[in-house]
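What you see is a predicted model, and the numbers here were worked out from it, not measured in a lab.
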Number of protein chains: 2
Amino acid sequence: MRFESYDCSRGCPVEAALERIGGKWKGVALYHLLEGTKRYNELKRDVGNVTQRMLTKQLRELESDGLIVRKVYPVVPPHVEYSLSEKGRTLEPILLALRDWGESYV
Amino acid sequence: MRFESYDCSRGCPVEAALERIGGKWKGVALYHLLEGTKRYNELKRDVGNVTQRMLTKQLRELESDGLIVRKVYPVVPPHVEYSLSEKGRTLEPILLALRDWGESYV
DNA sequence: CAGTATCCCCCTAGATACTG
DNA sequence: CAGTATCTAGGGGGATACTG
């Protein structure tokens, strides 16, 4: 048969993946990071209507999941850059597929 | 450039797509419906550790988003079948990509 | 079998203000 | 510039019991 069945009672890969990128602003943030490294405020502008608190929170989760890299330059004023990690870059096909689907079917 | 930028302040396609499939049990439910039409309890077993209340709720949302079809046979005992709609079937590449990513990178 | 009906907790997420 | 700190509302989500 074409699709194998999974016992999701103790971890399903689809569920696991969505837990990583399904946060309210995570997908959009990751998507915009496909363009390249961005500073905090740049990313905030791109993501749009998000509060600082929430963006910071979601970025920290993405970081601790190893999907993005946060680089701090110890200067005044602060300079922080976000970029996709190797692992984060593997999400590219998914993010582009989500974008295309969103454009076509929503 | 490879990726166009989107103003997400009033609707971003990635965000829109994730709003449809990002619910806690939606991805898994959709994924299992790739296998074909299922009855309620069958789907519930497949999805795993979900309560009836939540599964019903998420299925109703998927239905009102036009991603799944709910067919009720007016018999006793009740018989209800769920299946992917045309639109829902367009999610197949995304669901498979999520599964593959989840298997490899989580 | 395939749901409702209740009750309730807690976490998500927003608003606002403050800061190294 | 890139964040904390604090407070708060709202609803997502669980447990349990009941039903046509």
Does any N or O in the side chain of B:Arg89 come within less than 3.5 Å of the main-chain N or O of B:Leu84, such that one atom is a donor and the other an acceptor? yes
Which one is paired to D:dA2, where only Watson-Crick or G-U wobble pairs with both distances under 3.5 angstrom count? C:dT19
Can you tell me how far P of D:dG13 sits from CD of A:Glu19, to the nearest Å? 11 Å
Tell me the interatomic distance from B:Leu59, atom CG, to D:dG13, atom P, rounded to whole angstroms. 14 Å
Toward the 5' end of DNA chain D, by each residue's nearest nucleotide, B:Gln52 or B:Glu61: B:Glu61
Gap between atom OG of A:Ser64 and atom CG of A:Leu59 - 0.5 Å precision: 11.0 Å
Please tabulate the protein-to-nucleotide N/O contacts below 3.5 Å involving nucleotides 13-15 of chain C, giving atom names and distances.
| residue | atom | partner | partner atom | Å |
| --- | --- | --- | --- | --- |
| C:dA13 | OP2 | A:Gln58 | NE2 | 3.3 |
| C:dA13 | N7 | A:Arg53 | NH2 | 2.9 |
| C:dA13 | N6 | A:Arg53 | NH2 | 3.3 |
| C:dG14 | OP1 | A:Lys24 | NZ | 3.1 |
| C:dG14 | O6 | A:Arg53 | NE | 2.8 |

Is a donor on one side and an acceptor on the other found under 3.5 Å between the side chain of B:Glu19 and the backbone of B:Ala16? no
I need the A:Leu18 CG to B:Leu98 CG distance, nearest 0.5 Å. 5.0 Å
Short question: side chain of B:Lys87, backbone of B:Asp65 - any donor-acceptor pair under 3.5 Å? yes
Nearest heavy-atom neighbours spanning A:Val47 and A:Ala29: CG2-CA, 3.9 Å
NZ/NE/NH1/NH2 to OD/OE distance under 4.0 Å, B:Glu61 and B:Lys26: yes
Go through residues 63-83 of chain B and report each residue with a non-hydrogen atom lying under 4.0 Å from DNA chain D, sorted by number. B:Pro78
Using whole Å, what does the distance between atom C1' of nucleotide C:dA2 and atom NZ of B:Lys38 come to? 17 Å
Take the angle between the ring planes of B:Tyr82 and B:Tyr40 and call it parallel below 30°, perpendicular above 60°, tilted in between. tilted
Of the options C:dG3, D:dG3, C:dC1, whose atoms approach the side-chain atoms of B:Asn41 most closely? C:dC1
Value in whole Å for how far the C1' atom of D:dG3 lies from CG of A:Leu43: 14 Å
